[in-house]
Engineer: 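Below you'll find the structure I mean.
We count residues from 1, following the sequence as given.
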Amino acid sequence: MTEFIIEGHTIREHILLLSNNGNRKFTEDLHPGVENVLGIRIPELRALAKKIAKDDWPAYLKSASTHYMEERMLIGMVIANVKVDDVDEYLSLVDGFVRIINSWSVCDTFDFYGKSSFVNKNRDRIWNYLNDYMDSRNEYEIRFGVVMAQKYFIDDNYIVAYINKLLSIKHEGYYVRMAIAWALSTCYIKFPKVTYPYLIRMKSDRETLRKTIQKICDSFRVSQEDKDLVKLLRD
């Protein structure tokens, strides 16, 4: 397979050059168990992704390596920067990215091209798409669905359906539980009266509830009164 070249260098050469300004040890500590971490700074990866997206990005995606964690991240960032008019065609690119996610940061640095404008034009389609991932048995596929839905579906129309979906997930993976806690805390921050009764129902899942309460209490957007209220659920 012919290697993709941009600005006279292969992507691997770009990646290794960028790693010279990174912090491998710090990044490795944030990703226990993840192999081949370079510690490249996210803004530098995003800048490279934008350059690739303006070039022959289909050729890049066909030849892209996934050896380094940052190479996987870069693939997602490129897909986040390319406009594909056909929704199903675009989502098939996203599917290819989701299959290579191997860390929370590879997952969480992704976004759809067009962000909220893209989601709003295809709202039911994207909601169902993310629901399918939340129904997966794969830890990072579930996390992808949870995190992306958190970005776009905590609103008046979807808040109840989203919370119910979160509470229906039965997966013990650490990065799933943390994503659910993060999502539920955001639900509470935005819709405290709607979310609180669901937190009461979580007492059988003490660990996720504890993390949710911790994230709520860490937020500057939650009143002390509401923080004291959710703390009662720890007892």
Engineer: In plain terms, say whether Asp88 and Arg125 are close enough for a salt bridge, that is, a side-chain N and a carboxylate O under 4.0 Å apart.
Structural biologist: yes

Engineer: For Glu225, I'd like to know if atom CD has over 12 heavy atoms of other residues, nucleotides or ligands within 6.0 Å.
Structural biologist: no

Engineer: When you measure from the side chain of Glu89 to the backbone of Asp86, do you find a donor-acceptor pair of N or O atoms at a distance under 3.5 Å?
Structural biologist: no

Engineer: Between the side chain of Arg177 and the main-chain N/O of His171, is any donor-acceptor distance below 3.5 Å?
Structural biologist: yes

Engineer: For the residue pair Phe110 and Gly76, what are the closest heavy atoms and their distance?
Structural biologist: CD1-O, 3.3 Å

Engineer: Test salt bridge (charged side-chain N to carboxylate O under 4.0 Å, His left out) on Lys165 and Asp135; report intermediate values, then the result.
Structural biologist: CA-CA 9 Å; Lys165 174 58 71 172; Asp135 287 337; 2.8 Å; yes

Engineer: May I ask you to decide if the ring planes of Trp127 and Tyr158 are parallel, tilted or perpendicular, using 30° and 60° as cut-offs?
Structural biologist: tilted

Engineer: Output all residues satisfying side chain to side chain donor-acceptor pair (under 3.5 Å) with Thr66, sequence neighbours left out; order by chain, then residue number.
Structural biologist: none

Engineer: What's the shortest heavy-atom distance between Cys187 and Ile163, and which atoms?
Structural biologist: SG-CG1, 3.9 Å

Engineer: Under a 3.5 Å distance rule, please check whether Ser219 uses its side chain to pair with a backbone N or O of Lys215 as donor and acceptor.
Structural biologist: no

Engineer: Can you tell me if NZ on Lys227 sees more than 12 non-hydrogen neighbours from other groups inside 6.0 Å?
Structural biologist: yes

Engineer: Kindly determine whether Glu71 and Arg12 satisfy salt bridge (charged side-chain N to carboxylate O under 4.0 Å, His left out), including the steps that lead there.
Structural biologist: CA-CA 8 Å; Glu71 289 178 319; Arg12 175 63 58 79; 2.7 Å; yes

Engineer: Please check if the side chain of Asn164 supplies one atom and the backbone of Val160 the other of a donor-acceptor pair under 3.5 Å.
Structural biologist: yes

Engineer: Closest heavy-atom contact between Ala149 and Tyr162?
Structural biologist: CB-CE1, 3.5 Å

Engineer: Rounded at 0.5 Å granularity, tell me how far OH in Tyr133 sits from CG in Asn138.
Structural biologist: 9.5 Å

Engineer: Is it the case that the side chain of Arg46 and the backbone of Met77 share a donor-acceptor pair, with hydrogens and angles ignored and the cut-off at 3.5 Å?
Structural biologist: no

Engineer: Kindly give the heavy-atom pair with the smallest separation between Ala181 and Thr212, and that separation in Å.
Structural biologist: CA-OG1, 3.3 Å

Engineer: Please name the residue in the list Tyr129, Phe118, Phe97 that meets the ring pair (Phe, Tyr, Trp, His ring centres under 6.0 Å) test with Tyr90.
Structural biologist: Phe118

Engineer: Does Arg123 make a cation-pi contact with Phe153 (under 6.0 Å, within 45 degrees of the axis)?
Structural biologist: yes

Engineer: Is it possible for you to say whether Met178 and Val147 belong to one hydrophobic cluster, with membership spreading through side-chain heavy-atom contacts below 4.5 Å?
Structural biologist: no

Engineer: Of the non-hydrogen atoms in Phe4 and Asp56, which two are nearest, and what is the gap between them?
Structural biologist: CE1-O, 3.2 Å

Engineer: Picking from Ile101, Ile180, Asp108, what satisfies side-chain contact (heavy atoms from CB on, under 4.5 Å) with Arg143?
Structural biologist: Asp108

Engineer: Can you tell me if Ser63 and Glu3 form a side-chain donor-acceptor pair at under 3.5 Å?
Structural biologist: no

Engineer: Just by distance, do the side chain of Arg72 and the backbone of Ile100 share a donor-acceptor pair under 3.5 Å?
Structural biologist: yes

Engineer: Determine whether Met202 and Trp182 fall in the same hydrophobic cluster, where Ile, Leu, Val, Met, Phe, Trp and Tyr are linked whenever their side-chain heavy atoms lie under 4.5 Å apart.
Structural biologist: no

Engineer: Any donor and acceptor pair, going by atom type alone, linking the side chain of Thr195 with main-chain N or O of Pro192 inside 3.5 Å?
Structural biologist: no

Engineer: Answer yes or no: is there an ion pair linking Glu7 with Lys51, defined by an N-O contact shorter than 4.0 Å?
Structural biologist: yes

Engineer: Do the side chain of Ser19 and the main chain of Gly22 share a donor and acceptor less than 3.5 angstrom apart?
Structural biologist: no

Engineer: When you compare the side chain of Val230 with that of Tyr188, does any pair of heavy atoms fall below 4.5 Å?
Structural biologist: yes

Engineer: List the atom of Leu167, the atom of Tyr198, and the distance in Å for their closest heavy-atom pair.
Structural biologist: CD1-CD2, 3.8 Å

Engineer: What about Ile5 and Leu48, same hydrophobic cluster or not, with Ile/Leu/Val/Met/Phe/Trp/Tyr joined at side-chain heavy-atom distances under 4.5 Å?
Structural biologist: no

Engineer: Look only at the side chain of Glu139 and the backbone of Tyr175, and say whether a donor-acceptor pair between them is shorter than 3.5 Å.
Structural biologist: yes

Engineer: Is Glu28 salt-bridged to Lys25, going by a charged N under 4.0 Å from an acidic O?
Structural biologist: no

Engineer: Between the side chains of Asp205 and Thr208, does any donor sit under 3.5 Å from an acceptor?
Structural biologist: yes

Engineer: Pair up each side-chain donor or acceptor in residues 30-38 with any protein partner under 3.5 Å, not counting sequence neighbours, and list the distances.
Structural biologist:
unit_1: His31; atom_1: ND1; unit_2: Thr27; atom_2: O; d: 2.7
unit_1: His31; atom_1: NE2; unit_2: Ser105; atom_2: OG; d: 2.6
unit_1: Asn36; atom_1: ND2; unit_2: His67; atom_2: O; d: 3.3

